[in-house]
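Only heavy atoms go into these numbers, but all of them, side chains included; no hydrogens, no water, no symmetry mates. First the proteins, then the strands, lettered A, B, ... as listed; each starts at 1.
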Protein chains: 2
Amino acid sequence: MNAGVTDLPEAWLRNERDRLWAEFLELVRIPSVSAKPDHAAEVRRAAEWVAARCNRAGLGNVRILQEGGHPAVYGEWLGSEDAPTILVYAHFDVQPPEPLELWTTPPFEPTLREGRLYARGASDDKATLCISLAAIEAWLATTGRLPCNVKVFFEGEEETGSPSLGAILDRHGDLLRADLCLSADGGMLFPDRPDVSVSTRGICKLEVTLRTASKDMHSGSYGGAILNPLVAIVRLIASLHEPDGRVAVPGFYDGVRETTDEDRAELAAVPFDEAAWLAAVGAKAAWGEPSRSVLEKIWLRPTLEINGLWGGYQGDGSKTVLPCEAHAKITCRLVPGQDPKRVVEAVAAHLRAACPPEATIEIRPGGGGARAYEIARDHPALALVEDVLEGVYGVPCVRTRIGGTLPLCALFKERLGLDTVPMSFSTADEDFHAPNEFFRAASFDRGLVAWARVFQALAALPRR
Amino acid sequence: MNAGVTDLPEAWLRNERDRLWAEFLELVRIPSVSAKPDHAAEVRRAAEWVAARCNRAGLGNVRILQEGGHPAVYGEWLGSEDAPTILVYAHFDVQPPEPLELWTTPPFEPTLREGRLYARGASDDKATLCISLAAIEAWLATTGRLPCNVKVFFEGEEETGSPSLGAILDRHGDLLRADLCLSADGGMLFPDRPDVSVSTRGICKLEVTLRTASKDMHSGSYGGAILNPLVAIVRLIASLHEPDGRVAVPGFYDGVRETTDEDRAELAAVPFDEAAWLAAVGAKAAWGEPSRSVLEKIWLRPTLEINGLWGGYQGDGSKTVLPCEAHAKITCRLVPGQDPKRVVEAVAAHLRAACPPEATIEIRPGGGGARAYEIARDHPALALVEDVLEGVYGVPCVRTRIGGTLPLCALFKERLGLDTVPMSFSTADEDFHAPNEFFRAASFDRGLVAWARVFQALAALPRR
């Protein structure tokens with residue numbers, strides 16, 4: 001990009017830095033936990049705070065969008081007639097902070113220690129939400145305009161799987177039309193080395209209940225002669241994987257594209273330290289599909305995970321119960337080519353076929369399925385964003401992937417035809433979804449510069 | 001036995017029946033739940049009630065025995081110098097009544113409906129405890145003596161596995177010396193047909209924890225590349241049984257005697273209705289070791305049961321967690337020839353050998369192990385008791401077995417050399433350990449007659 005074009009907004013951001021940081025802390029203090037019904041007023045308070053912040057940044061047409069779920073916030077600046085339109089996405093809701101006793105300082109009292117701001121939602125993703133608005137304000141305050149048209153869409157229920165996002169897109173699809181979505185949600189792998197994620201995995205869910213009797217029984221009176229549903233469910237669940245870790249469900253891998261040499265070259269460029277990755281979670285060794293690297297397994301391969309399994313007595317001591325039912329919760333991470341509904345059907349068919357005659361099986365598909373998303377390697381936005389990040393960090397940018405699911409990516413693509421590039425300044429180790437979530441203060445400063453520059457860079461994006 | 005010898009006590013019991021029933025209800029109203037620490041005073045109150053009742057019945061040397069656990073009650077009448085000594089056993093503690101919402105009437109407000117007295121502990125085993133004391137009182141009140149010497153030993157912690165029974169036997173073994181134990185605890189299979197149990201199974205316990213990491217992980221970031229402990233534990237637990245239901249643990253069946261033709265003839269004499277047995281618990285079909293009948297499986301074969309299994313998320317909806325640990329609780333029912341400690345070691349060795357290299361396994365042996373107990377078929381007490389029961393019921397008595405565990409049987413045999421014959425008037429369908437436990441009023445009357453007669457019959461028992 002032309003040197004000097006972003007000097008004014010960048011200088012403004014340096015001057016305003018303390019105020020911008022203080023505003024970020026204001027937002028972090030609002031306990032906008034979308035999963036808790038009794039926190040709905042706090043989510044609404046966060047929406048109103050964000051809407052007011054949009055107005056202060058200079059955006060127009062600021063509105064609350066709400067379609068049966070938590071409110072979302074929309075705002076726009078559309079003064080660059082021939083320029084592309086960028087839809088900025090973030091969410092202002094946060095994960096529940098529990099277990100509270102594991103926090104060193106209270107989750108909604110942001111505390112700076114050794115360059116890290118500890119608070120629930122600081123990293124995921126209130127910091128980058130605030131950064132994006134600060135960059136918009138910087139342009140409008142210093143030049144009266146933005147290099148491209150900008151719409152912002154901030155939702156309040158991402159942490160519960162965005163249940164009303166589809167309804168909002170149905171109702172407000174025209175309002176949200178754009179040439180690219182730039183997501184403040186996401187995350188980089190390392191604090192000192194930039195990356196851009198080019199895919200997210202999809203997800204589908206199901207829940208299984210096995211019953212072998214109508215009431216719990218005394219193990220001395222019935223054990224050994226009535227099928228124990230725990231014995232039945234361990235066989236069923238064990239049948240879902242091959243001994244070597246591959247998923248054993250017929251049809252599970254249908255449509256999955258095989259990893260290419262180009263994929264492998266991208267993975268090889270990521271400075272991934274497997275030993276450090278294992279040590280961070282206290283694992284002895286990696287596991288899974290043979291002849292595939294860790295990054296391939298978590299980014300490019302679909303998985304079937306047991307998230308919960310239970311039945312019988314879990315309390316202290318022993319209880320000689322022969323339980324009458326057993327339960328499992330299963331999710332699959334999906335890659336491009338897999339349809340969430342068809343995968344649920346394949347897993348359900350496998351489980352039904354494996355159910356022994358002495359048992360009955362009930363399978364409930366979970367809601368909130370999402371397809372995987374992958375941006376084309378030659379999408380012009382990728383190079384533009386990578387160029388900005390390399391300029392800010394001073395080192396080459398690598399292409400990474402997200403093993404988790406950002407449902408908005410597939411939804412925006414399906415409903416709005418919109419591709420998404422994440423540009424979050426969270427780092428993977430910042431314990432989002434866990435106690436003592438933190439955000440690096442240094443990332444705030446890099447983020448401000450990068451977001452100021454990226455609006456200029458994306459002005460060169462071809463319009464759709 | 002000589003006709004007419006028991007006429008006086010039997011007539012007395014008929015006359016006193018309403019008072020004896022009212023006394024039984026008094027005991028049932030005491031919520032002597034031994035498992036709940038905050039109910040210790042109620043267990044003590046029950047002990048004091050029982051001790052007072054022993055005194056009223058005419059027993060002497062009535063004492064509370066206590067060795068670190070809940071109190072037990074001892075009493076004796078030793079006036080028949082050359083006659084054998086019978087040790088009457090029962091327990092006055094009860095199972096927790098929870099879940100309370102499933103009770104039609106409150107568990108400690110005994111309520112008579114259609115000939116059934118509903119209350120926690122009514123069937124297990126306060127009714128037969130009261131019957132045994134009533135029969136003793138009947139003899140002493142009408143004849144001033146009993147046909148044999150009688151000691152009573154009533155414990156207050158049977159429902160928690162009799163943790164201090166061993167210590168009581170160590171301290172008071174001489175006091176409890178006798179020629180036979182007649183147990184008011186146990187149960188008959190049918191309400192209108194008598195049986196005598198000739199064996200109880202033993203038990204051993206272990207608890208397993210598998211870990212594959214030191215903290216729970218995000219399934220999108222780690223799933224498929226770190227071993228899920230739920231995937232590991234289902235394989236481990238599935239490996240404990242052969243597909244056909246036999247236990248697959250090497251050494252598990254060591255020492256188990258094979259079912260004989262004599263065993264089979266005894267089983268064949270039991271009027272067991274498999275369809276009704278399955279229907280009572282809502283099971284579709286029987287299961288288990290091939291080529292063995294249900295009665296053989298629950299009475300004569302050892303089993304390995306999973307009483308509890310859990311890990312990960314069990315709440316509403318889904319949580320995309322890759323848990324770091326998984327748990328299982330296991331008990332084995334044992335038959336004569338098996339040693340509880342050796343079986344625990346065999347199961348633990350099997351699980352350790354099957355544990356995958358990515359996981360660590362922790363195995364904790366549970367306390368409260370007990371050996372199986374079996375009385376010799378030609379033990380003279382059996383024929384004497386069977387004769388009494390046939391006289392009371394007017395139909396032949398069958399020999400049955402108890403699939404559950406009465407730890408006292410093996411303990412009395414080991415520590416005191418004492419054989420035990422159960423003579424309980426509970427029926428197997430009376431929902432002990434479950435909501436709406438009840439006891440049949442008709443069984444109270446039969447029990448009074450039978451216990452009055454059995455003291456006369458056992459006077460013929462050879463002394464040890």
Residues 230-239 of chain A side chain polar contacts: donor-acceptor under 3.5 Å, at least two apart:
| unit_1 | atom_1 | unit_2 | atom_2 | d |
| --- | --- | --- | --- | --- |
| Arg235(A) | NH1 | Pro243(B) | O | 3.3 |
| Arg235(A) | NH2 | Glu242(B) | O | 2.9 |
| Ser239(A) | OG | Leu236(A) | O | 2.6 |
| Ser239(A) | OG | His350(A) | NE2 | 2.9 |

Inset, instruction - Indicate whether any N or O donor in one side chain lies under 3.5 Å from an N or O acceptor in the other, for Thr360(A) and Arg211(A). - result: no
Legend entry - Toward chain B: residues of residues 273-281 of chain A with heavy atoms under 4.5 Å: Trp277(A), Leu278(A), Ala280(A), Val281(A)
Legend entry - Choice from Gly403(B), Gly161(B), Ser214(B) maximising heavy atom contacts with chain A below 4.5 Å: Ser214(B)
Legend entry - Leading residue by heavy atom contact count with chain A [cutoff under 4.5 Å; candidates Gly404(B), Ala283(B), Ala286(B), Gly311(B)]: Gly311(B)
Inset, instruction - Against chain A, work out which of Gly312(B), Ala213(B), Gly288(B) has the most heavy-atom pairs shorter than 4.5 Å and name it. - result: Ala213(B)
Inset, instruction - Evaluate side-chain contact (heavy atoms from CB on, under 4.5 Å) for Val335(A) paired with Leu300(A), printing each intermediate quantity in order. - result: CA-CA 7 Å; Val335(A) 297; Leu300(A) 282 161; 5.7 Å; no
Inset, instruction - Name the region of His241(B), side chain, backbone, both or neither, that has any atom closer than 4.5 Å to a heavy atom of chain A. - result: both
Legend entry - Contact class of Lys215(B) relative to chain A, heavy atoms under 4.5 angstrom: both
Inset, instruction - Determine which pairs satisfy side chain to side chain donor-acceptor pair (under 3.5 Å) with at least one residue from residues 220-231 of chain A, sequence neighbours left out, and list them in order. - result: Asn228(A)-Glu305(B)
Inset, instruction - Can you measure from CD (Glu362(B)) to SG (Cys355(B)) and round to the nearest 0.5 angstrom? - result: 11.5 Å
Inset, instruction - Name the option with the most non-hydrogen atom pairs under 4.5 Å to chain B; the candidates are Val321(A), Asp216(A), Thr160(A), Leu295(A). - result: Val321(A)
Inset, instruction - With rounding to the nearest 0.5 Å, note down the distance linking CZ in Arg201(A) to OG1 in Thr405(A). - result: 7.5 Å
Legend entry - CA sep, side-chain torsions, deciding dist, call: Val249(A), Leu240(A), side-chain contact (heavy atoms from CB on, under 4.5 Å): CA-CA 6 Å; Val249(A) 175; Leu240(A) 292 169; 3.7 Å; yes
Legend entry - Point-to-point distance, once rounded to the nearest 0.5 Å, from CD1 of Ile330(A) to CD of Glu207(A): 9.5 Å
Legend entry - Side chains of Arg333(B) and Thr303(B), donor plus acceptor under 3.5 Å: no
Inset, instruction - Would you mind checking which part of Ile203(B) comes under 4.5 Å of any heavy atom in chain A, side chain (CB onward), backbone (N, CA, C, O), both or neither? - result: side chain
Inset, instruction - Just give me the residue among Ala326(A), Gly315(A), Ala428(A) that pairs up with chain B most often, heavy atom to heavy atom, under 4.5 Å. - result: Gly315(A)
Legend entry - Selection from Pro302(B), Ala434(B), Gly317(B) maximising heavy-atom pairs under 4.5 Å formed with chain A: Gly317(B)
Inset, instruction - Could you tell me which portion of Ser219(B) (side chain, backbone, both or neither) has an atom closer than 4.5 angstrom to a non-hydrogen atom of chain A? - result: both
Inset, instruction - Walk me through it: do Lys297(B) and Trp287(B) pass the test side-chain contact (heavy atoms from CB on, under 4.5 Å)? - result: CA-CA 9 Å; Lys297(B) 285 186 277 197; Trp287(B) 178 89; 5.8 Å; no
Inset, instruction - Examine distances only and state if a side-chain atom of Asp124(A) and a backbone atom of Phe432(A) form a donor-acceptor pair shorter than 3.5 Å. - result: no
Legend entry - Listed partners of Asp429(B) passing side-chain hydrogen bond (donor to acceptor under 3.5 Å, both in side chains), at least two apart: Arg440(B)
Legend entry - Nearest-0.5 Å distance that lies between atom CZ in Phe190(B) and atom OG1 in Thr400(B): 9.0 Å
Inset, instruction - Check each atom of Asp431(B) against the heavy atoms of chain A and say whether the ones under 4.5 Å are side chain, backbone, both or neither. - result: side chain
Legend entry - Residue Pro357(B) versus chain A: region with a heavy atom under 4.5 Å: backbone
Legend entry - Under 4.5 Å from any heavy atom of chain A - which part of Arg301(B): neither
Legend entry - Contact winner vs chain A - Gly223(B), Pro323(B), Ala285(B), heavy-atom pairs under 4.5 Å: Gly223(B)
